[in-house]
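For reference, the structure discussed in these notes is given below.
Remember, it's 1-based here, ligands and their atoms both numbered in the order they're listed. Just so it is clear, the values below take in all heavy atoms, side chains as well, and ignore hydrogens, waters and symmetry mates.
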Amino acid sequence: MSMRLPVSNPDNKLPNIAIDGPAGAGKTTIARMVARQLGFCHIDSGAMYRAVTLLALERSGESAVADEGTAYLIARDLDIDFLTGTEGDLRVMVQGDDRTEQLRSNRVDRYVSVVASMGDVRKELVAKQKELAEDGGVVMDGRDIGTHVLRGAEVKIFLTAAPSVRVYRRLRQQRQKGVHLSWDEAEDTVVQRDRIDSTRRISPLKVAVDAVTIDSTHLMRRDVVSQIEFILASVIRCPNGG
Ligand code: CDP
């Protein structure tokens with residue numbers, strides 16, 4: 001299905017689309033597909049928290065990754081760029097280097113939610129996220145995009161799936177990279193991240209009151225994309241009110 005770019009809104013800005021949800025729900029893949037279809041920019045906010053975690057692990061090791069002062073300085077100086085690779089895939093540049101694969105390593109998975117619960121880290125990254133979306137035309141995925149970062153987003157999606165499907169997707173994603181996890185290992189990281197993300201004090205994962213929930217357990221990716229495009233079309237108003 002193809003779609004015309006939305007007609008301008010009163011501010012003459014393209015709309016923003018926020019996609020939140022638990023680990024392994026497919027947010028990044030879907031956000032990428034929606035952005036490509038519409039010619040929008042895709043911002044993977046999780047990659048920012050992952051980048052701070054990766055740099056903290058490299059700088060201080062596992063024993064000191066929870067040091068808030070170090071993580072804050074890394075977040076403050078973070079230079080992150082989202083590029084499109086030759087296959088149309090998302091490449092994440094951190095401090096000028098392509099770190100896409102390392103950002104999704106198991107080690108980063110294990111610590112990212114701890115780093116993401118730090119208030120000063122969140123403040124820095126949220127400011128960058130807001131700046132990236134200020135001109136509109138952005139699809140941003142994460143945990144607090146609809147509830148906090150882009151509270152005014154024209155479309156808010158809460159994308160979820162059954163826990164077993166999310167664990168399976170995580171296993172498959174790692175296997176494609178040649179990393180073989182047991183079911184229990186994959187389940188542990190998914191369950192633990194969800195627990196920390198949903199119970200943290202600052203901007204926990206929750207459904208925005210004005211979000212549409214899509215359960216992708218039994219849906220193909222393209223069907224999820226079509227649903228989001230349909231929702232977008234229904235909220236866009238022509239300048240003449242038509
Ligand atoms: O793609 P996946 O669902 O595995 O996670 P992600 O979007 O890459 O996010 C990794 C982690 O970053 C999450 O588990 C959260 O702890 C944190 N995060 C967050 O706190 N706020 C966001 N807006 C995005 C991610």
Practice item. Enumerate the atoms of ligand 1 whose separation from the nearest heavy atom of Gly24 is less than 4.0 angstrom. Key: 3 (O)
Review point. Considering only the protein, which heavy-atom contact is closest to atom 14 (O) of ligand 1, and what is its distance?
Key: Asp197 OD2, 2.6 Å
Review point. Which protein heavy atom lies closest to atom 22 (C) of ligand 1, and at what distance to 0.1 Å?
Key: Arg143 N, 3.4 Å
Review point. Is Gln129 near ligand 1, meaning one of its heavy atoms is under 4.0 Å from it?
Key: no
Review point. Tell me, do Arg110 and Glu62 make a side-chain contact under 4.5 Å, heavy atoms counted?
Key: yes
**Study point:** Identity and distance of the protein heavy atom lying nearest atom 23 (N) of ligand 1
**Key:** Asp144 OD1, 2.8 Å
Point to revise | Side-chain ion pair, Arg99 and Glu58, N-O less than 4.0 Å | key: yes
Check your understanding: Among protein heavy atoms, which lies nearest atom 1 (O) of ligand 1, and at what distance?
Key -> Arg104 NH2, 3.0 Å
Exercise for review: Could you tell me which atoms of ligand 1, counted from 1 in the order shown, lie closer than 4.0 angstrom to a heavy atom of Ile145?
Suggested key: 23 (N)
Check your understanding: Between Asp20 and Arg143, is the closest basic N to carboxylate O distance under 4.0 Å?
Key -> no
Exercise for review: Compute the shortest N/O to N/O distance between Ser45 and ligand 1 and return yes if it is under 3.5 Å, no if not.
Suggested key: yes
Exercise for review: Examine the side chains of Arg122 and Tyr49 and answer whether a donor and an acceptor come within less than 3.5 Å of each other.
Suggested key: yes
Check your understanding: Among all protein non-hydrogen atoms, which one is nearest to atom 21 (N) of ligand 1, and what is the separation to 0.1 Å?
Key -> Arg122 NH2, 3.1 Å
Practice item. Under 4.0 Å, heavy atoms only, figure out whether ligand 1 is touched by the backbone of Met118, its side chain, both or neither. Key: neither
Review point. Which residue supplies the protein heavy atom nearest to atom 17 (C) of ligand 1, what is that atom called, and how far is it?
Key: Ala116 CB, 3.6 Å
Point to revise | Val112: numbered ligand 1 atoms lying under 4.0 Å from its heavy atoms | key: 11 (C), 12 (O)
Review point. If you round to the nearest 0.5 Å, how far is CD1 of Ile202 from CG of Asp144?
Key: 10.5 Å
Exercise for review: For Ala23, take its heavy atoms, then give the atoms of ligand 1 lying under 4.0 Å from any of them.
Suggested key: 3 (O)
Check your understanding: Could a heavy atom of Met48 be found less than 4.0 Å from some atom of ligand 1?
Key -> no
**Study point:** OH (Tyr111) with more than 12 external heavy atoms under 6.0 Å
**Key:** yes
Exercise for review: Around atom 25 (C) of ligand 1, find the nearest protein heavy atom and jot down its residue, atom name and distance.
Suggested key: Gly46 CA, 3.5 Å
Point to revise | Identity and distance of the protein heavy atom lying nearest atom 10 (C) of ligand 1 | key: Arg193 NH1, 3.5 Å
Point to revise | Between CD1 on residue Ile145 and NZ on residue Lys156, distance to nearest 0.5 Å | key: 11.0 Å
Review point. Looking at CD of Glu229 and OG of Ser234, how far apart are the two atoms once the value is rounded to the nearest 0.5 Å?
Key: 12.0 Å
**Study point:** Side chain, backbone, both or neither: the part of Arg50 lying under 4.0 Å from ligand 1 by heavy atom
**Key:** side chain
Under 3.5 Å donor-acceptor pairs involving side-chain atoms of residues 214-225, not counting sequence neighbours:
unit_1: Asp215; atom_1: OD1; unit_2: Thr217; atom_2: N; d: 2.9
unit_1: Asp215; atom_1: OD1; unit_2: Thr217; atom_2: OG1; d: 2.5
unit_1: Ser216; atom_1: OG; unit_2: Thr160; atom_2: O; d: 3.2
unit_1: Ser216; atom_1: OG; unit_2: Arg169; atom_2: NH1; d: 3.2
unit_1: Ser216; atom_1: OG; unit_2: Arg169; atom_2: NH2; d: 3.4
unit_1: Thr217; atom_1: OG1; unit_2: Ala162; atom_2: N; d: 2.9

Practice item. Would you check if Asp98 and Val92 make a side-chain contact, meaning some heavy-atom pair closer than 4.5 Å? Key: no
Review point. N/O to N/O below 3.5 Å, does that happen between Asp44 and ligand 1?
Key: no
Study note, to complete from the structure: Rounded to the nearest 0.5 angstrom, the CD-CG distance for Gln173 and Asp109 is 8.0 Å
